[in-house]
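Here is how names work: the chains are called A, B, and so on, in the same order as the sequence lines, proteins then strands, and each is numbered from 1.
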There are 2 protein chains.
Amino acid sequence: MTVADVARAAGVSKATAARVLGGYGTVSDRVRAAVLSAAKALDYRPNELARSMTTGRSGTIGVVVGDIENPFFSSAVRGIADVARLAGFNVILTNSGEEIAAEKAAVKTLVAKRVDGLIVSPARDSDIEHLRDIERSGRPLVLLDRAVESLRVDAVTADDFQACEAVTRLLIDEGHRRIVYLTACDTPGHRFETLDDLYTGSVRARVAGFLKAGAEAGIEAMGGFVKLGALGAERTRAQARDLFEAALPPTAIIASDSLIALEVFRLARELGLQLPRDLSLVCFHDADWTSVTSPPVTVIRQPVYRIGETAARLLIGRLKGEGNAPAHVVLDTTLIARGSVGPAPAEGRSGARETRLRHPV
Amino acid sequence: MTVADVARAAGVSKATAARVLGGYGTVSDRVRAAVLSAAKALDYRPNELARSMTTGRSGTIGVVVGDIENPFFSSAVRGIADVARLAGFNVILTNSGEEIAAEKAAVKTLVAKRVDGLIVSPARDSDIEHLRDIERSGRPLVLLDRAVESLRVDAVTADDFQACEAVTRLLIDEGHRRIVYLTACDTPGHRFETLDDLYTGSVRARVAGFLKAGAEAGIEAMGGFVKLGALGAERTRAQARDLFEAALPPTAIIASDSLIALEVFRLARELGLQLPRDLSLVCFHDADWTSVTSPPVTVIRQPVYRIGETAARLLIGRLKGEGNAPAHVVLDTTLIARGSVGPAPAEGRSGARETRLRHPV
DNA sequence: TTCCTCAATGAGACCGGTCTCTTTCAGATT
DNA sequence: AATCTGAAAGAGACCGGTCTCATTGAGGAA
């Protein structure tokens, strides 16, 4: 059933029927009624594709995130979806699995599908030609959670630097000296050397804060405590096990996301470690479970839903023609102190602890 | 940059250029090379919209779920997305917020956008005209997690009846007699009367199992223990509070999803209830946090990711022309016994317990 | 040599909308 | 009465692909 069919049934021209059905131009009430009833009788449904093709607008925004299963992203996506729906936009969601190749493919298809704009949480900020391509195609782009300095586009992130600096300082004040920052981010050599190795904007900001707090407290080789590659439950577990079994295990761990924190928590419990006596744990992202464990986990609450909302608002603003300079919106975080952080154990006890570790329950 | 532009630059006809770019028909190697290099030079990007319009296929599947933030759905969506990507399909995701109006609107737009097929987790199975519309439009539909008897379409669910019957029986065997099934599903009167009141397929199956186990054990008025309307944290909390403050509070609660279980767990702890001594708790869905609480929560593990995968496979099979009769795939669940279930408290102790409840910590 | 086949290419219709450009004509203006 | 104005409707181009059908010519069969 097309406009032409309806027009024929209503005894008017295709152009007139299109005016009624498309809601533009001027039509007399009599004709309008005739067309509408013909449309109803024929069960006419507009073809959004054809409409998009001529108008150039699809009413759709494309979203590329690392992992929908990560509650961080699902919450952000929910924020995006809610704002989009209210503004009359649809969302095409794609999952990159944090793989740059998948991300590139996703961006390519979304542009080919002529989405009106994109929200991307880039897997790495060194490889961004495909993001530049978006700009070239004339579509607005908003970065989600991860800023990329060299791109002049809108970005919405949490204040990762400040948050991580503050929480590191907190741990230092509690007497911790061996504090590990554990992230899914990775380098070819799987070792952290310099900040530039970190290809994820948010992680780089956090590690910068981490290093700064460490340097100010005079802790040497803080960089050696940045541990990479905790992507997926298995690898996270392996990383955590390595940490716990080291000659000098960390007394505190900052987990870069709630999935990592969960695995660390789980393994620590399995190994018989008591929080916070044997290990202090902090988690980036106030995932729902962090408040119900024993002890509950100290978290940095990021306004995730709002990050998504803000990104969507920014994008839709651009689509409506707002021509402001690109903005990097930084949202404040809240440190929520719970029971998983305590004073560092006295060094003398570490021997006993290691024994227990070698014979896990 | 269009096919015509590339054709002109390469000195061939539009049809030939289209053949090269679209990968169909036969073209000589010499011409192919010329067209491809012209396309590269002009930075040609195909317009998927135009392609879809003529072919009638969009390479996109539409997904409508109740709530992306619910880990149950994000996991299922991940399954769908992974299978879709491998098969070369995109996913348009929409969130109904469990509201039938939003669901209808979503279906309408997806059909208008000419998605090739849909995967829907219907908010209620009484109001399904819009689902019938999908069939009428000639697109395959697969129901996710919630079957609708009156629709002759594919559906993928867990074995909810069996699972709930088994877990109810387990609780009964532990001596529980006041067992509450708490769900987000609701009725106009907010009270459970008959199975037909429940408009969500999965919940109805579970409650049927719940009632059967109760009836077999000779428990009267099992229907009175079905509690509705636990949608969102606040309402769940309110419902749970009502339960705990009743003259005869339940000794066991079966939570219909992990969000509900989390709120119940949280409130129970706040009120000073000890699990499983004062309350046994079972949760539908093996959410990640359920294994790290103290005690960990007994769950019914549903193969959620596989439910999503299977739904996507079924849909893509139909798109590829498989004409089998509609199948209702029922996947097995696993009861994972953890520490949150224990024997029912002796009735004599209930007085003491009520006192504690009236003066919560 | 003549006829046939088939690969390679071109011309142009088509998908289902939007939108510009015209034409028509009722009512207001002078 | 003649002219002007603008609302209402129609005709047809256009968006950017796909695809059918027609045309050409090289190589094989008879």
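Between Arg146(A) and Glu98(A) a salt bridge is recorded (basic side-chain N to carboxylate O distance below 4.0 Å). The existence of a salt bridge linking Glu129(A) and Arg136(A) is confirmed by a sub-4.0 Å separation between a basic side-chain nitrogen and an acidic carboxylate oxygen. Ion pairing between Asp133(A) and Lys108(A) fails under the 4.0 Å rule for side-chain N and carboxylate O.
A side-chain donor from one of Tyr305(B) and Asp82(B) sits under 3.5 Å from a side-chain acceptor of the other.
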What does nucleotides 9-18 of chain D look like as a protein-contact string, B for base, S for sugar-phosphate only, - for none, at under 4.0 angstrom between heavy atoms? BBBBB-BBBB

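Using modelled atom types, no side-chain atom of Ser75(A) and backbone atom of Pro71(A) make a donor-acceptor pair closer than 3.5 Å.
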